[in-house]
Amino acid sequence: MNLYLIVNIIGILVFLLIAFLFSKKKKAINWKSIVVMLALNIVMAWFLTSFPVGVNCIKAAAKGFDWIVNVAYTGIAFALPNWVHVKSMNFITSALLPILMIVPLFDILNYIGVLPVIIKGIGWVLSKITGQPKFESFYAVEMMFLGNTEALAVSSLQLKQINAQRNLTIAMMSMSCVTASILGSYMKMMPGQFILTAVPINIINSIIISSILNPVKVDPKDDTIVTVSEIDNGGTESLETTGSQEEVAKEVKAVEAKSKKGKREPFFSFLGDSITDAGRLILIIAANVIAFVALANLIDKLLQFVNPWLTLEHILGIIMYPFAWLLGLDSHHAFQFAQYMGTKLVTNEFVVMGQVSPIIHSFAPHFKAILTVFLTSFANFSTIGMIIGAFKNLVNKEKNNLISKNVGYMLLSGVLVSLMSAGVVGLFVW
């Protein structure tokens, strides 16, 4: 057996051990469920990377996303032909502007009721297979399609009903989400096969790690999913309540009764809002990328006054090196990988994808696979602020304070999920 494969296997066990060591309630961990989910992830990674049927399914999905992005380019070319009809498109054109079409597309699927059915169906199946609470399973799937802040907003009523510890679990899981509407942008920079493979693997690993770090026993009578139909103006009503489940249930029925009487927002008004939101998202991503790259370079310049060798990447590389090595890399490539890991955590995945996109084809298959999977999540420092801000507007002070006190656990959860996903996929790509 390849020595690096053995190290990769050991790495997965070490990542689980780290989660166990930091667990809030070690005796409450449901190991049977953890083993089932780990086995499911390994089988899924094996199928999607090694079996012709699985590989072809992923490639077909990647081609589908690529087709959607190319359709989006027709709209971009109409307004900005000199940005599209060039030998090499810039980052904003190739990766960000397609969001103007893809986000509204997913919003339309949500508007007509297709997306909620898919989310609930997959969440229900996942709960049955893994033995995890229904809402946690539902939320894991929900955040894959909607993103963290959007999924939190949609689930606001449920967050008010569940206790503070379960809210903390949801906050930890939120660190590891991706948004389906942004996958097309990722795939313009990184290998689409591994981007799409990472998505379901991340879902399971977010449940595994949060279940170890913060195990919470849920009473069967509380293991329900609260849903509220669309109401006036196309939104879900937010219910400020800290009462019992029965009281919340009464309020849910009241809101649903109101929704039946109300009218949905007109489609084109809804579509206009969706396009506007997509535009804001592009500006936010672009602003973050520009600012973070510039600030990181500023830090490097200041550090080099102390020592020409000293850079942020080198410092982060040293800190993250052991974890990169445990993914089955030699010392040289582990240090390079660790720098990418650190940069992603401090900035975001787009910064690193932009750096490696021109040279990704030159990487070895294993390095390429684990790097792509590791980058496919929103786990970074700035995401913590987004999640805390979202919870602050959704739940009471007690629940929000618990989440704010556990920022370290949120970051640890995000890092361990990314490492676990990279490690599991890396087992089958050499």
Side-chain angles (χ1 to χ4, degrees), residues 1-21 34-35 37-52 54-55 58-59 176 189-202 204-205 208-209 212 313-345 349 352-353 355-357 359-377 379 412 414-430:
M1 184 182 285
N2 187 309
L3 177 61
Y4 293 118
L5 175 58
I6 296 174
V7 172
N8 197 153
I9 295 171
I10 294 172
I12 293 173
L13 299 177
V14 169
F15 304 147
L16 291 172
L17 177 61
I18 293 172
F20 173 74
L21 292 175
I34 300 299
V35 170
M37 288 188 285
L38 181 60
L40 174 63
N41 245 357
I42 291 173
V43 170
M44 192 157 46
W46 185 27
F47 175 74
L48 294 176
T49 59
S50 304
F51 281 79
V55 172
I58 289 294
K59 286 182 176 178
S176 303
M189 296 180 283
M190 305 293 286
Q193 176 189 357
F194 300 123
I195 291 285
L196 293 175
T197 300
V199 173
I201 303 296
N202 274 344
I204 307 297
N205 278 328
I208 290 175
I209 296 300
I212 297 176
E313 287 76 15
H314 283 148
I315 294 172
L316 294 170
I318 293 170
I319 295 171
M320 303 301 294
Y321 173 81
F323 305 103
W325 182 79
L326 284 169
L327 290 172
L329 298 170
D330 60 50
S331 57
H332 171 72
H333 288 102
F335 186 73
Q336 183 184 11
F337 190 92
Q339 293 179 67
Y340 292 141
M341 290 170 64
T343 302
K344 189 247 185 178
L345 294 176
E349 71 280 5
V352 183
M353 287 181 180
Q355 289 178 354
V356 303
S357 180
I359 56 174
I360 188 70
H361 63 278
S362 65
F363 294 159
H366 182 72
F367 190 101
K368 185 190 302 182
I370 62 175
L371 178 62
T372 303
V373 173
F374 184 88
L375 294 178
T376 307
S377 82
L412 178 61
V415 173
L416 288 177
V417 170
S418 294
L419 287 170
M420 281 288 295
S421 296
V424 169
V425 173
L427 292 173
F428 306 103
V429 183
W430 296 92

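The basis for the numbers below is simple: all heavy atoms, side chains too, and nothing from hydrogens, waters or symmetry mates.
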Which heavy atom in [X] sits nearest to a heavy atom in [Y], and how many Å separate them?
X	Y	result
Ala324	Phe337	CB-CD2, 3.7 Å
Ile208	Leu38	CD1-N, 3.7 Å
Ser176	Val417	OG-CB, 3.2 Å
Phe15	Phe323	CZ-O, 3.9 Å

Next on the checklist: Does the plane of the ring in His314 sit parallel, tilted or perpendicular to the ring in Phe335? Use 30° and 60° as the thresholds.
Outcome noted: parallel

Next on the checklist: Below 30° counts as parallel, above 60° as perpendicular, anything between as tilted: where do the rings of Phe51 and Trp46 land?
Outcome noted: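 Plane angle over 60°, so perpendicular.
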
Checklist entry - With sequence neighbours left out, what residues match Phe47 under ring pair (Phe, Tyr, Trp, His ring centres under 6.0 Å)? => result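 With neighbours one apart ignored, the set is empty.
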
Under the side-chain hydrogen bond (donor to acceptor under 3.5 Å, both in side chains) test, which residues partner [X], sequence neighbours left out?
X	value
Ser377	Lys344, Ser418
Gln339	none
Asn8	none
His333	Asp330

Item to check | For Val373, the option from Val424, Ile195, Val425, Val199 that meets side-chain contact (heavy atoms from CB on, under 4.5 Å) | outcome: Val425

Checklist entry - Under a 4.5 Å cut-off applied to non-hydrogen side-chain atoms, are Ile12 and Leu427 in contact? => result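 Yes, close enough: below the 4.5 Å cut-off.
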
Checklist entry - About how many Å separate CE of Met420 and CG of Leu13, when rounded to the nearest 0.5 Å? => result 8.5 Å

Next on the checklist: Within this structure, what is the CD1-CG distance for the pair Ile9 and Asn2, rounded to the nearest 0.5 Å?
Outcome noted: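 Nearest 0.5 Å value for the CD1-CG distance: 10.0 Å.
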
Checklist entry - Is there a donor in the side chain of Asn202 and an acceptor in the side chain of Ser421, or the other way round, less than 3.5 Å apart? => result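 There is such a pair (donor and acceptor under 3.5 Å, judged by atom type) between the side chains of Asn202 and Ser421.
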
Next on the checklist: Between His366 and Leu329 (side chain of the first, backbone of the second, donor and acceptor by atom type, cut-off under 3.5 Å), is there such a pair?
Outcome noted: no

Checklist entry - Which pairs, with at least one residue in residues 316-327 and sequence neighbours excluded, count as a side-chain hydrogen bond (donor to acceptor under 3.5 Å, both in side chains)? => result none

